[in-house]
Amino acid sequence: MNAGHTPLLPWFFVVALILLYAALSAARSLFAAGRLCRPVFCGLLLWGWSVFFLPEFSGVILALTLFYELIFLDLLYAGTYVPPQSLFCFLSALAAAVFFDLRAPQSLAFVMALSLPGAYIGSALEQRQRRRQDKWHDGLTRAISSRESLEAVSNRALRYSALHPLIFFGLVFGLFSGLLLLFLQIWLDFFGKLPVIKWVSWHYLWAFGAVGGMLALRIRWSFAIFAAGAGLFGVMFAL
């Protein structure tokens with residue numbers, strides 16, 4: 001943990017991220033506010049906060065925002081398909097970065113790799129929420145046909161749509177983040193330090209994440225340009 005701040009600050013930040021994820025999940029369920037649940041929105045919000053309270057992490061927040069915004073950019077909502085939830089892994093990686101005072105990409109790369117499965121956990125949670133909402137929709141339809149109090153049924157559906165993601169999504173995200181922090185702490189206790197990938201820089205991580213952005217263009221010539229650029233970059237790196 002960062003020695004420059006009180007011991008409670010990292011814990012406060014982790015709890016704040018859990019509450020933020022839960023609140024955004026409830027907003028997405030109630031208002032279909034999908035754009036609010038992207039790393040770019042959340043990252044800019046947290047960056048503005050960090051300028052005043054955690055200025056040493058403001059650059060890290062922007063760097064992580066760019067990576068996680070790009071990495072799953074190609075996977076879009078389509079019909080019943082729910083893409084990996086980049087916000088889930090972005091916030092869990094950020095929680096670990098602040099908790100263990102990790103700012104260099106060489107040490108953050110390991111944490112970022114561990115956070116990526118969280119994107120699919122978030123996707124599974126949203127799929128489960130959609131199935132629940134379908135059941136509530138069927139209940140509303142039956143209420144209309146049976147002349148049951150539509151107001152009572154709709155009020156129950158709205159309460160569920162708000163409270164379920166607020167509580168359940170927050171608990172799952174908190175559990176994942178807690179297990180991630182616990183694993184990293186056990187690693188530190190056994191090995192004394194986290195793995196450091198010396199050759200990694202933010203440029204490499206952004207280039208890797210840019211694959212998702214490039215695929216999202218759906219333009220063939222962009223694939224060729226990207227492949228040529230990656231090949232040239234590889235040759236320069238080898239030399």
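All values below were derived from every heavy atom in this structure, side-chain atoms included, with hydrogens, water molecules and symmetry-related copies excluded.
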Point to revise | Worked verdict on I121 versus F173 for side-chain contact (heavy atoms from CB on, under 4.5 Å) | key: CA-CA 9 Å; I121 295 176; F173 176 74; over 6 Å; no

Study note, to complete from the structure: Between A119 and C89, the two heavy atoms sitting closest are CB-SG, 3.8 Å

Check your understanding: Taking the inter-plane angle between the rings of Y21 and F88 on a 0 to 90° scale, is it parallel (under 30°), tilted (30 to 60°) or perpendicular (over 60°)?
Key -> perpendicular

Exercise for review: Quick one: list whatever passes side chain to side chain contact (heavy atoms under 4.5 Å, CB included) with L64, sequence neighbours left out.
Suggested key: V60, Y68, F90, L94, M112, W202

Check your understanding: For the residue pair W11 and F99, does the interplanar ring angle fall in the parallel (under 30°), tilted (30 to 60°) or perpendicular (over 60°) class?
Key -> perpendicular

Exercise for review: Answer yes or no: is there a donor N or O on one side and an acceptor on the other, between the side chain of S50 and the main chain of W47, under 3.5 Å?
Suggested key: yes

**Study point:** Pairs satisfying side chain to side chain donor-acceptor pair (under 3.5 Å), at least one member in residues 166-187, at least two apart
**Key:** Q185-D189

Practice item. Could you label the plane-to-plane angle of the F110 and F183 rings as parallel, tilted or perpendicular, counting under 30° as parallel and over 60° as perpendicular? Key: tilted

**Study point:** Cluster link L17 to W49, ILVMFWY, side chain under 4.5 Å
**Key:** yes

Review point. Do I18 and F53 belong to the same hydrophobic cluster, where Ile, Leu, Val, Met, Phe, Trp and Tyr are linked whenever their side-chain heavy atoms lie under 4.5 Å apart, directly or via other members?
Key: yes

Review point. Taking only residues two or more places apart in sequence, or in another chain, which ones meet F67 in a ring-ring contact (aromatic ring centres under 6.0 Å, His included)?
Key: none

Practice item. Would you mind reporting whether P10 and F13 have side-chain heavy atoms less than 4.5 Å apart? Key: no

Study note, to complete from the structure: Residues at least two apart in sequence or cross-chain that pass ring-ring contact (aromatic ring centres under 6.0 Å, His included) with F169, listed by chain then number, are none

Exercise for review: Measure the spacing between CG of L108 and CG of L114 and express it to the nearest 0.5 Å.
Suggested key: 11.5 Å

Review point. At what distance, to the nearest 0.5 angstrom, does CG of L181 lie from CZ of F176?
Key: 10.0 Å

Review point. Among the clusters formed by ILVMFWY side chains lying less than 4.5 Å apart, do L188 and L184 turn up in the same one?
Key: yes

Check your understanding: Closest heavy-atom contact between C42 and L87?
Key -> CB-CD1, 3.7 Å

Check your understanding: Which value, rounded to the nearest 0.5 Å, describes the distance between R38 atom CZ and S86 atom OG?
Key -> 5.0 Å

Check your understanding: Can you tell me how far the CD atom of Q85 sits from the CD atom of E126, to the nearest 0.5 Å?
Key -> 5.5 Å

Check your understanding: Do the side chains of S107 and L102 get nearer than 4.5 Å, heavy atoms only?
Key -> yes

Revision key, fill the gap. All heavy atoms of S92 vs all of L180, minimum pair found to be O-CD2, 3.7 Å

**Study point:** Rounded distance [0.5 Å steps], OG in S25 versus CD1 in I167
**Key:** 12.5 Å

Review point. Linking I/L/V/M/F/W/Y whenever their side-chain heavy atoms sit closer than 4.5 Å, directly or via other members, would W199 and V196 fall into one cluster?
Key: no

**Study point:** Set of residues satisfying ring-ring contact (aromatic ring centres under 6.0 Å, His included) with respect to F52, sequence neighbours excluded
**Key:** none

Review point. Other hydrophobic cluster members with L179, side-chain heavy atoms of Ile/Leu/Val/Met/Phe/Trp/Tyr under 4.5 Å, chained?
Key: L175

Check your understanding: Where the side chain of Q106 meets the backbone of V200, is there a donor-acceptor pair that is under 3.5 Å apart?
Key -> yes

Check your understanding: Taking a hydrophobic cluster as the set of Ile, Leu, Val, Met, Phe, Trp and Tyr residues connected by side-chain heavy atoms closer than 4.5 Å, whether directly or through intermediates, do V51 and L62 fall within one such cluster?
Key -> yes

Practice item. List the steps and the verdict of side-chain contact (heavy atoms from CB on, under 4.5 Å) for L46 and L91. Key: CA-CA 10 Å; L46 291 169; L91 293 180; 3.8 Å; yes

Check your understanding: How far does CG of L70 sit from CG of L205, to the nearest 0.5 angstrom?
Key -> 11.5 Å

Point to revise | Trace of the side-chain contact (heavy atoms from CB on, under 4.5 Å) decision for Q127 with L125 | key: CA-CA 5 Å; Q127 282 278 22; L125 289 175; over 6 Å; no

Check your understanding: Passes side-chain contact (heavy atoms from CB on, under 4.5 Å), L44 versus T65? Steps please.
Key -> CA-CA 8 Å; L44 291 176; T65 297; 5.6 Å; no

